[in-house]
K.L.:
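I'd like to ask you about the structure that follows.
These figures come from a predicted structure and were not determined experimentally.
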Amino acid sequence: MGKVQRYFNKTEDISPSSKTSPSKDTIIYNIKPKLKPWGRRQSDKVINKKKKVVKLPNPNPKFKGKVPIPKKRLKKYARGEGINKTGIKTKIHQKKFEKKEKVIKFAAQQAARAEVLLIEEEGFLEADAGETTTQFTQKQIRENVDITAASKCFDLRLEDFGPYRMKYTRNGRHLLLGGKRGHVAAFDWVTKKLHCEINVMESVHDVCWLHLETMFAAAQKEWVYMYDNQGIELHCIKKVYRVTRMEFLPYHFLLAACSDMGYLSWLDISIGQMVSQFNSRLGRLTMLTQNPWNAVLCVGHVKGVVSMWSPNSKDPLAKMLCHKAPLTALHVDPRGQYLATAASNRELKIWDVRKLEGPVQEYKLITAANNLNFSQKNMLALGMGNVVEVYRDCCTTATKRPYLRHRFTTSIGNLNFCPYEDVLGVATAKSVTSLLVPGSGEPNFDALEANPFQTKSQRKEAEVKSLLEKIQPELITLEPNVIAEVDIPTLKDKIDAKQKLLHVKPPKINYTPRNKAKGKGGSAKIAKNKKIVQEQAKKEFVKSTKDFIPKLNIQKEQQKESGVLDRFLPKKRKT
């Protein structure tokens, strides 16, 4: 092979017009050198900045792009004000927060646009001139609705084991019944498929679904028992004694209960341990409900007071004097905005539970209400003896007459609105009845929150996800937004105490040695004793200042604090 010519060497012209042609032994590479310098240099950045994005004209001027979102709808899905960038010093963190704010803003816009897909709307009854909706009976409503809605209205005759208590699941698909004389049953009330039916052979005071429809709890004569959907006993909780009412906190996996002895209990069912249990010192507790907004338990008392409890405090977080007569029933709406209370003097009051003030509305009933329950659309159902009355929009405005009324032959034991359905379930002494209440349920459901049509695999995935997102019981407070805020006063106190500790110096000690006999000690001995006394005084000073050091959980702060103390500690002598 001959010599190889590179692209930077001079090569002869190989065009056809040239007279001479290159020799066969030479290989020519026609490679052009790059004009831009290698690597990321300042010149590359300048070139990139000079590039301009050319916007093409709209090919279809009739369609001008996305429809702008109304401001009211954006405000509905907004997540509050953004972060103030003036307090962020570094540019890196500023860019991170800017990206985060863009993602939050985009999510709010997408949620506002997706509202168009929620095509379902709640219905309601309209009366003609000279009529009222209270006159409409369940038979007339059943005859004028479609077949699927009419099938949701049924009556179960259970005359031997009443009175009954009932609960729906969070997705409103399954129903749990518990009779006073030991009858317990769970079934899918839409398809009427029975899961299990057992007799526990002792009194049942309350029943409650757990995080899934495959598990439920029953408060029996002495203790609380847990069963699966096949009726098999899973566990017996003997730490909870003589329970009267139960509530399940789905986001905390806590089973809350109040007992006949006045005790309040919180049991974590995910690990099987008792989180908190103490005596409320209020006597027998028979009224219990939860606030879904902050997971605080609301307990009603004979003195007309509603107290709010958390597992983190043995004293009530708040007390409200609602009535001058003994309370008979109370309930908080699903949004955690309003609290309805009823007393034995036939009074019904609506309170703003967020501000702990009111009453917002006051009503005088025919008889005292023993049961209260809010629907997802702020309808309030009252159980008064053997009569059920449903009120519509009774929280914001004063209503003159009930929306619907239904009369039973026996007294009412319990009533509950079914989530995502226009159905009110009523458990009486001898039957369980499902009533149609148009406009009571939320028509559009979030499948990631509560899916009435979930499959077995979706149920398993939802259980794992809810366990990973479980909220600790320490975060149950009256105001849940306070957790995300900084406690400025206590932080200032800690910083001031730390600064004072840095500037404090140990006091000087005037040591005057006593005169000893000749030969017993010299100047070296006196100086040694003086040094020992000063070191002892420094140690005592350090012990007294330890109480002022802020106890921080951060390891770096603890190391700094130990470094501060080292200044006052005597140095070790070299041996």
K.L.:
Between Thr148 and Ser151, do the side chains contain a donor N or O and an acceptor N or O under 3.5 Å apart?
P.N.:
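No, no side-chain donor-acceptor pair sits under 3.5 Å.
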
K.L.:
Under the 6.0 Å and 45° cation-pi test, does Arg181 pair with Phe161?
P.N.:
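Output no; distance or angle outside limits.
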
K.L.:
Sub-3.5 Å donor-acceptor pair from the side chain of Ser434 to the main-chain atoms of Lys152, do we have one?
P.N.:
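Here the side-chain-to-backbone pair exists.
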
K.L.:
So do Leu158 and Tyr164 actually touch side chain to side chain, heavy atoms under 4.5 Å?
P.N.:
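Heavy-atom side-chain distance check passes, below 4.5 Å.
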
K.L.:
Looking at Phe248, I want to see if its CZ is surrounded by more than 12 non-hydrogen atoms of other residues, nucleotides or ligands under 6.0 Å.
P.N.:
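Yes, the 6.0 Å shell around CZ holds more than 12 heavy atoms from other groups.
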
K.L.:
Can a donor-acceptor pair be found, under 3.5 Å and without considering hydrogens, that links the side chain of Thr399 to the backbone of Cys394?
P.N.:
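Judged by distance alone, no pair lies under 3.5 Å.
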
K.L.:
Between CG of Asn229 and CE of Met215, what distance do you get to the nearest 0.5 Å?
P.N.:
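That separation rounds to 10.0 Å.
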
K.L.:
For the residue pair Arg113 and Ile69, establish whether any side-chain heavy-atom pair is separated by less than 4.5 Å.
P.N.:
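Heavy-atom side-chain distance check passes, below 4.5 Å.
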
K.L.:
When you compare the side chain of Glu115 with that of Lys76, does any pair of heavy atoms fall below 4.5 Å?
P.N.:
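Sidechains of Glu115 and Lys76: in contact.
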
K.L.:
Hey, mind stepping through Phe136 and Glu131 against side-chain contact (heavy atoms from CB on, under 4.5 Å) and telling me if it holds?
P.N.:
CA-CA 9 Å; Phe136 299 149; Glu131 292 183 344; 4.0 Å; yes

K.L.:
Just by distance, no angles: are the side chains of His301 and Ser307 close enough, under 3.5 Å, to form a donor-acceptor pair?
P.N.:
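Present: a donor and an acceptor within the cut-off.
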
K.L.:
Would you indicate whether Lys238, at its atom NZ, is surrounded by more than 12 heavy atoms from other residues, nucleotides or ligands within a distance under 6.0 Å?
P.N.:
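It does not: Lys238 NZ has 12 such atoms or fewer within range.
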
K.L.:
Could you tell me whether a side-chain N or O of Asn371 sits under 3.5 Å from a main-chain N or O of Ala329, the two making a donor and an acceptor?
P.N.:
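Here the side-chain-to-backbone pair does not exist.
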
K.L.:
Can you name the nearest heavy-atom pair linking Pro311 to Ser276, along with the distance?
P.N.:
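Taking Pro311 first and Ser276 second, the nearest heavy atoms are O-OG, 3.1 Å.
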
K.L.:
Within the side chain of Gln138, is there an N or O that forms a donor-acceptor pair under 3.5 Å with the backbone of Leu436?
P.N.:
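Yes: the side chain of Gln138 pairs with the backbone of Leu436.
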
K.L.:
Could you go step by step and tell me if Val426 and Val388 meet the side-chain contact (heavy atoms from CB on, under 4.5 Å) rule?
P.N.:
CA-CA 9 Å; Val426 183; Val388 172; 4.2 Å; yes

K.L.:
Is the side chain of Ser411 donor-acceptor paired with the backbone N or O of Asn386 at a distance under 3.5 Å, no angle test?
P.N.:
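No; judged by distance alone, with no hydrogens or angles, the pair does not exist.
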
K.L.:
Specify the closest pair of heavy atoms between Tyr403 and Leu125, including all atoms of both residues, with the distance to one decimal.
P.N.:
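Answer, listing the atom of Tyr403 first, then Leu125: OH-N, 2.9 Å.
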
K.L.:
Evaluate Leu264 against Gln277 for side-chain contact (heavy atoms from CB on, under 4.5 Å), listing each step before the verdict.
P.N.:
CA-CA 6 Å; Leu264 285 169; Gln277 186 179 28; over 6 Å; no

K.L.:
Ignoring hydrogens, what is the shortest heavy-atom contact between Asn171 and Gln454? Give both atom names and the distance.
P.N.:
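Nearest pair, atom of Asn171 first, then Gln454: ND2-NE2, 4.0 Å.
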
K.L.:
With rounding to the nearest 0.5 angstrom, report the CG to CG distance, Leu380 to Asn373.
P.N.:
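Reported to 0.5 Å precision, the distance equals 8.0 Å.
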
K.L.:
Trp266 and Phe253: aromatic ring centres closer than 6.0 Å?
P.N.:
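Between Trp266 and Phe253, the centre distance exceeds or equals 6.0 Å.
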
K.L.:
Is any side-chain heavy atom of Glu126 closer than 4.5 Å to a side-chain heavy atom of Phe124?
P.N.:
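Glu126 vs Phe124: side chains touch.
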
K.L.:
Counting N and O atoms only, with roles assigned by atom type, does the side chain of Asn294 sit under 3.5 Å from a partner on the main chain of Glu479, one being a donor and the other an acceptor?
P.N.:
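No; zero donor-acceptor contacts below 3.5 Å.
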
K.L.:
For atom NZ of Lys192, is the number of surrounding heavy atoms from other residues, nucleotides or ligands below 6.0 Å larger than 12?
P.N.:
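Yes, because the 6.0 Å sphere around NZ of Lys192 holds more than 12 heavy atoms from other groups.
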
K.L.:
State, to 0.1 Å, how close Ala340 and Leu372 come at their nearest heavy-atom pair, and which atoms those are.
P.N.:
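In terms of heavy atoms, the two residues are closest at O-CD1, 3.6 Å.
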
K.L.:
With rounding to the nearest 0.5 angstrom, report the NZ to CD distance, Lys364 to Glu347.
P.N.:
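Answer rounded to 0.5 Å: 4.5 Å.
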
K.L.:
Would you find more than 12 non-hydrogen atoms of other residues, nucleotides or ligands less than 6.0 Å from Met261 atom CE?
P.N.:
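No - once you tally the heavy atoms of other residues, nucleotides and ligands closer than 6.0 Å, there are 12 at most.
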
K.L.:
Tell me the closest heavy-atom pair linking Asn279 and Gly262, and the distance in Å.
P.N.:
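Of all heavy-atom pairs spanning Asn279 and Gly262, the closest is OD1-O, 3.1 Å.
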
K.L.:
Between atom CG of Leu478 and atom CG of Leu356, what is the distance when rounded to the nearest 0.5 Å?
P.N.:
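Leu478 atom CG to Leu356 atom CG measures 5.5 Å (nearest 0.5 Å).
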
K.L.:
Could you tell me how the ring of Phe445 sits relative to the ring of Phe453: parallel (under 30°), tilted (30 to 60°) or perpendicular (over 60°)?
P.N.:
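Tilted, since the angle between the ring planes falls between 30° and 60°.
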
K.L.:
Going from CD1 on Ile237 to CH2 on Trp223, what distance comes out if it is rounded to the nearest 0.5 angstrom?
P.N.:
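Reported to 0.5 Å precision, the distance equals 12.5 Å.
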
K.L.:
So, Gln458 side chain and Thr455 main chain: donor-acceptor pair closer than 3.5 Å or not?
P.N.:
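Side chain of Gln458 to backbone of Thr455, a donor-acceptor pair under 3.5 Å: yes, one is there.
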
K.L.:
Determine, for Asp188 against Arg173, whether the closest basic-nitrogen to carboxylate-oxygen distance falls under 4.0 angstrom.
P.N.:
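Between Arg173 and Asp188 there is a salt bridge, with a charged N closer than 4.0 Å to a carboxylate O.
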
K.L.:
For the CG atom of Leu194 and the CH2 atom of Trp189, what is their distance to the nearest 0.5 Å?
P.N.:
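If I round to the nearest 0.5 Å, the distance is 16.0 Å.
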
K.L.:
Can you confirm whether more than 12 heavy atoms, excluding those of Lys167, are under 6.0 Å from its NZ atom?
P.N.:
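It does: Lys167 NZ has more than 12 such atoms within range.
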
K.L.:
Is the shortest distance from a Lys or Arg side-chain nitrogen in Arg170 or Glu449 to a carboxylate oxygen in the other one below 4.0 Å?
P.N.:
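Salt bridge flag = yes for Glu449 with Arg170.
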
K.L.:
Would Asn416 and Tyr168 satisfy side-chain contact (heavy atoms from CB on, under 4.5 Å), going step by step from the backbone distance to the final call?
P.N.:
CA-CA 7 Å; Asn416 276 300; Tyr168 288 100; 4.0 Å; yes

K.L.:
Is Asp206 paired with Arg245 through a side-chain N to carboxylate O contact shorter than 4.0 Å?
P.N.:
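Salt bridge between Arg245 and Asp206, a charged N being under 4.0 Å from a carboxylate O: no.
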
K.L.:
Should Val224 and Gln220 count as side-chain neighbours, where that means a heavy-atom distance under 4.5 Å?
P.N.:
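Side chain of Val224 against side chain of Gln220, heavy atoms only: no contact under 4.5 Å found.
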
K.L.:
With no hydrogens and no angle check, just 3.5 Å: does a side-chain donor-acceptor pair link His211 and Glu463?
P.N.:
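A pair is found: one side chain offers a donor N or O, the other an acceptor, under 3.5 Å apart.
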
K.L.:
Between Asp228 and Ile232, is there a donor-acceptor pair closer than 3.5 Å when you use the side chain of the first and the backbone of the second?
P.N.:
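Checked: pair present.
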
K.L.:
Compare every heavy atom of Thr133 with every heavy atom of Pro402, then report the nearest pair and how far apart it is.
P.N.:
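Taking Pro402 first and Thr133 second, the nearest heavy atoms are O-OG1, 4.2 Å.
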
K.L.:
Less than 4.0 Å between a side-chain N and a carboxylate O, is that true for Asp393 and Lys377?
P.N.:
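Salt bridge: no.
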
K.L.:
Decide yes or no for Ser466 and Glu469: does some side-chain heavy atom of the first lie under 4.5 Å from some side-chain heavy atom of the second?
P.N.:
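The answer is no; the side chains never approach within 4.5 Å.
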
K.L.:
Under 30°, 30 to 60°, or over 60°: which ring-plane class applies to His195 and His174, parallel, tilted or perpendicular?
P.N.:
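Judged by the thresholds at 30° and 60°, the geometry between His195 and His174 is tilted.
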
K.L.:
Indicate whether any N or O donor in one side chain lies under 3.5 Å from an N or O acceptor in the other, for His205 and Lys180.
P.N.:
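Checked: His205/Lys180 side chains pair up, N/O donor to acceptor below 3.5 Å.
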
K.L.:
Does a donor on one side chain sit under 3.5 Å from an acceptor on the other, for Thr433 and Asp155?
P.N.:
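A donor-acceptor contact under 3.5 Å links the two side chains.
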
K.L.:
Could you tell me whether a side-chain N or O of Ser310 sits under 3.5 Å from a main-chain N or O of Ser313, the two making a donor and an acceptor?
P.N.:
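Answer holds: no.
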
K.L.:
Taking C-beta and beyond as the side chain, do Leu297 and Met308 meet within less than 4.5 Å on heavy atoms?
P.N.:
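No, side chains not in contact.
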
K.L.:
Closer than 4.0 angstrom, basic N to acidic O: yes or no for Arg335 and Asp333?
P.N.:
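Looking at Asp333 together with Arg335, the answer is no, because their closest N to O distance does not fall below 4.0 Å.
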
K.L.:
When you compare the side chains of Glu389 and His406, does any donor N or O come within less than 3.5 Å of an acceptor on the partner?
P.N.:
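The answer is no; no qualifying pair exists.
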
K.L.:
Is any side-chain heavy atom of Ser259 closer than 4.5 Å to one of Thr244?
P.N.:
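No, every pair of side-chain atoms sits at 4.5 Å or beyond.
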
K.L.:
Taking Val437's backbone N and O only, do any of them form a donor-acceptor pair with Ser440's side chain (distance below 3.5 Å, no angle check)?
P.N.:
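Yes, because the side chain of Ser440 sits within donor-acceptor range (under 3.5 Å) of the backbone of Val437.
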
K.L.:
Just checking, any donor-acceptor pair under 3.5 angstrom between side chains of His235 and Tyr227?
P.N.:
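Their side chains do not contain a donor-acceptor pair, so the 3.5 Å distance test is not met.
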
K.L.:
Looking only at side chains, do Ser270 and Lys470 share a donor and an acceptor under 3.5 Å apart?
P.N.:
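Lys470 and Ser270 do have a side-chain donor-acceptor pair below 3.5 Å.
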
